[in-house]
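These notes concern the structure reproduced below.
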Amino acid sequence: MNNRAFPPATGQVPPGAIGHNRGVIKSNYAFMPPEGVLVSRLPQYRDTIVRVLTGPVMGAVFAQYVLEIAPGGGTPTAFSEDGIQHFFYVLAGEARIAVAGGAAQALTAGGFAYLPPATAFTLRNETAETIRVLALRKRYETAPGLAVPEPIVSHQDAVPITNHTGMEGRGFQFLLPYGDMRFDFEMNLMWFKPGVCFPAVETHVMEHGLYMLEGQGLYLLGADWHEIWERDFIWMGGFCPQQFYPTGYGDACYLLYKNVNRDLAL
């Protein structure tokens with residue numbers, strides 16, 4: 001006989017027992033609020049919680065993560081992957097990154113690093129607080145006559161804000177060199193003043209990974225609108241209809257991945 005003690009039945013469902021979630025997974029897009037993204041761990045990162053945002057299992061051609069690196073955590077030894085390029089963007093705290101055996105450099109919030117394929121690196125937390133880093137991995141697509149890019153370690157404050165589309169109140173920061181055909185993807189900070197939206201619903205070939213950094217808004221995916229807040233993530237496959245409309249009182253900003261500069265595989 002089971003002698004375990006159970007609470008008395010009350011006939012009432014405890015708060016939270018029925019799941020409610022803003023997340024939506026479709027064949028060509030996914031809307032991922034942070035509360036539904038569970039804890040994972042990876043062998044190359046010690047004392048690090050890994051929250052997987054998207055990857056090939058979802059339909060994406062890249063993989064994206066949030067790394068929560070505890071004090072003293074990170075890569076215990078230098079790590080690299082043949083054919084795979086990496087991108088890191090510090091969301092909170094200060095990371096230390098060393099690239100290709102060079103001296104470690106500090107990356108504070110807004111700092112970023114691009115690492116071409118087979119580039120060895122260490123990424124560590126030497127502070128007393130947990131840090132948060134957005135990470136991306138993508139297999140590099142070679143192109144005839146183009147060399148592989150060099151590593152980049154920088155900060156968003158060193159990148160100018162441009163009015164790329166000519167729309168007042170909408171700004172772009174191209175964290176990777178815009179128009180440099182050696183790169184097969186872009187990582188762009190997209191800024192919106194209140195009330196400034198896309199001029200039309202976009203339906204294009206590029207795939208996206210979108211991480212909301214600040215502000216809020218409404219995002220059209222397919223035929224449905226979703227309310228997007230800080231720390232929400234969206235994966236958009238090619239030709240997914242999309243539009244953004246900021247709804248907050250202050251600026252809205254998100255970090256956007258998209259694949260560019262390569263022809264279609266047939």
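Numbers here simply count residues along the sequence, with the first being 1.
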Exercise. Would you say Asp157 has more than 12 foreign heavy atoms packed within less than 6.0 Å of its CG?
Worked result: yes

Exercise. Which atoms form the tightest heavy-atom contact between Gly222 and Cys240, and what is the distance?
Worked result: N-SG, 3.9 Å

Problem set entry | Heavy-atom side-chain proximity of Glu214 to Trp191 below 4.5 angstrom | yes

For this session: Please say whether more than 12 non-hydrogen atoms of neighbouring residues, nucleotides or ligands are located less than 6.0 Å from OH in Tyr245.
Result: no

Seminar exercise, completed: Residue pairs meeting salt bridge (charged side-chain N to carboxylate O under 4.0 Å, His left out), one or both in residues 46-56, sequence neighbours left out, come to Arg51-Glu68

Exercise. Between Tyr178 and Glu186, does any side-chain donor sit less than 3.5 Å from a side-chain acceptor?
Worked result: no

Problem set entry | Centroid-centroid distance, Tyr219 to Phe244, less than 6.0 Å | yes

Problem set entry | Closest approach of Val148 to Pro116 (non-hydrogen atoms, all atoms of both residues) | CG1-CB, 3.5 Å

For this session: Please report the C-alpha distance between Gln85 and Phe185 in whole Å, then the side-chain angles of each, then the deciding distance to 0.1 Å, and finally whether the side chain to side chain contact (heavy atoms under 4.5 Å, CB included) criterion is met.
Result: CA-CA 10 Å; Gln85 51 197 333; Phe185 72 93; 3.5 Å; yes

Exercise. Applying salt bridge (charged side-chain N to carboxylate O under 4.0 Å, His left out), which residue pairs with at least one partner in residues 219-240 are found, sequence neighbours left out?
Worked result: Arg22-Asp232

Exercise. Of all heavy-atom pairs between Pro194 and Gly248, which one has the smallest distance, and what is that distance?
Worked result: CB-O, 3.7 Å

Problem set entry | Whether His226 side chain and Gly23 backbone form a donor-acceptor pair below 3.5 Å | no

Exercise. Do Thr130 and Pro71 have side-chain heavy atoms sitting under 4.5 Å apart?
Worked result: yes

For this session: Look at the side-chain heavy atoms of Ile, Leu, Val, Met, Phe, Trp and Tyr, link any pair under 4.5 Å apart, and say whether Leu189 and Phe192 land in one connected group.
Result: no

Seminar exercise, completed: Given the options Phe183, Phe87, Tyr140, Tyr114 meets ring-ring contact (aromatic ring centres under 6.0 Å, His included) only with Phe183

For this session: Side-chain contact test, heavy atoms from C-beta onward, threshold under 4.5 Å: evaluate it for Tyr89 versus Leu136 and give yes or no.
Result: no

Problem set entry | Which residues share a side-chain contact (heavy atoms from CB on, under 4.5 Å) with Ala78, sequence neighbours left out | Ala120, Thr122

For this session: Using only heavy-atom distances, determine whether the side chains of Trp225 and Gln243 contain a donor-acceptor pair under 3.5 Å.
Result: no

For this session: Please check if Leu176 and Val159 belong to a single hydrophobic cluster, counting links between Ile, Leu, Val, Met, Phe, Trp and Tyr side chain heavy atoms closer than 4.5 Å.
Result: yes

Seminar exercise, completed: Residues pairing under salt bridge (charged side-chain N to carboxylate O under 4.0 Å, His left out) where one sits in residues 136-153, two or more places apart or in two chains, turn out to be Glu81-Arg137, Lys138-Glu141, Lys138-Asp184, Glu150-Arg182

For this session: Of all the heavy-atom pairs spanning Ile234 and Ile228, show the shortest one and how long it is.
Result: CD1-CD1, 3.6 Å

Seminar exercise, completed: Applying side-chain contact (heavy atoms from CB on, under 4.5 Å) to Ser154 and not counting sequence neighbours gives Phe112, Ile152, Ala158

Problem set entry | Close side-chain approach of Val37 to Val66, heavy-atom, < 4.5 Å | no

Exercise. What pair of heavy atoms forms the shortest contact from Ala98 to Ala104, and how long is it?
Worked result: CB-CA, 3.9 Å

Exercise. Side-chain heavy atoms under 4.5 angstrom apart, residues restricted to Ile, Leu, Val, Met, Phe, Trp, Tyr: same cluster for Met236 and Ile25?
Worked result: no

For this session: May I ask you to decide if Gly237's main-chain N or O and Asn28's side chain share a donor-acceptor pair within less than 3.5 Å?
Result: no

Problem set entry | Backbone of Met190 reached by a side-chain donor or acceptor of Asn188 within 3.5 Å | no

Exercise. For Met181, which residues count as a side-chain contact (heavy atoms from CB on, under 4.5 Å) partner, sequence neighbours excluded?
Worked result: Leu146, Asn261

Exercise. Among pairs that include at least one residue of residues 109-132, which meet salt bridge (charged side-chain N to carboxylate O under 4.0 Å, His left out), considering only residues two or more places apart or in two chains?
Worked result: Arg96-Glu126

Exercise. Would you find a donor on one side and an acceptor on the other, under 3.5 Å apart, between the side chain of Arg41 and the backbone of Thr48?
Worked result: yes

Problem set entry | Remaining members of the apolar cluster that contains Phe239, side-chain heavy atoms under 4.5 Å | Val205, Met206, Val260, Leu264

Seminar exercise, completed: Under a side-chain separation threshold of 4.5 Å, the hydrophobic residues clustered together with Val39 are Ile49

For this session: Can you sort out the partners of His204 under ring pair (Phe, Tyr, Trp, His ring centres under 6.0 Å), two or more places apart, ordered by chain and number?
Result: His208

For this session: Taking all non-hydrogen atoms of both residues into account, name the closest pair between Thr54 and Ala60 and its distance.
Result: OG1-CB, 3.6 Å

Exercise. In terms of hydrophobic clustering (I, L, V, M, F, W, Y; side-chain heavy atoms under 4.5 Å; direct or indirect links), are Phe172 and Met212 co-clustered?
Worked result: yes

For this session: State plainly whether one hydrophobic cluster holds both Val57 and Leu38, where clusters connect Ile, Leu, Val, Met, Phe, Trp and Tyr through side-chain heavy atoms under 4.5 angstrom apart.
Result: no

Name every donor-acceptor pair, under 3.5 Å, that has one atom in a side chain of residues 251-258 and the other anywhere in the protein, sequence neighbours excluded.
from   : atom 1 : to     : atom 2 : distance (Å)
Asp251 : OD1    : Lys193 : NZ     : 3.3
Asp251 : OD2    : Lys193 : NZ     : 3.3

For this session: Would you please classify the geometry between the Tyr211 ring and the Phe233 ring as parallel, tilted or perpendicular, with 30° and 60° separating the classes?
Result: tilted

Exercise. So do the side chains of Trp235 and Leu53 get within less than 4.5 Å of each other, counting heavy atoms only?
Worked result: no

Exercise. Should Val61 and Glu207 be marked as a side chain to side chain contact (heavy atoms under 4.5 Å, CB included) after you check the CA-CA gap, both sets of side-chain angles, and the distance that decides it?
Worked result: CA-CA 8 Å; Val61 184; Glu207 181 183 31; 3.6 Å; yes

Problem set entry | Hydrophobic cluster partners of Tyr65 (side-chain heavy atoms under 4.5 Å) | Leu42, Tyr45, Val50, Val52, Leu67, Ile69, Phe79, Phe88, Val90, Ile97, Val99, Leu107, Leu115, Phe121, Leu123, Ile131, Val133, Val153

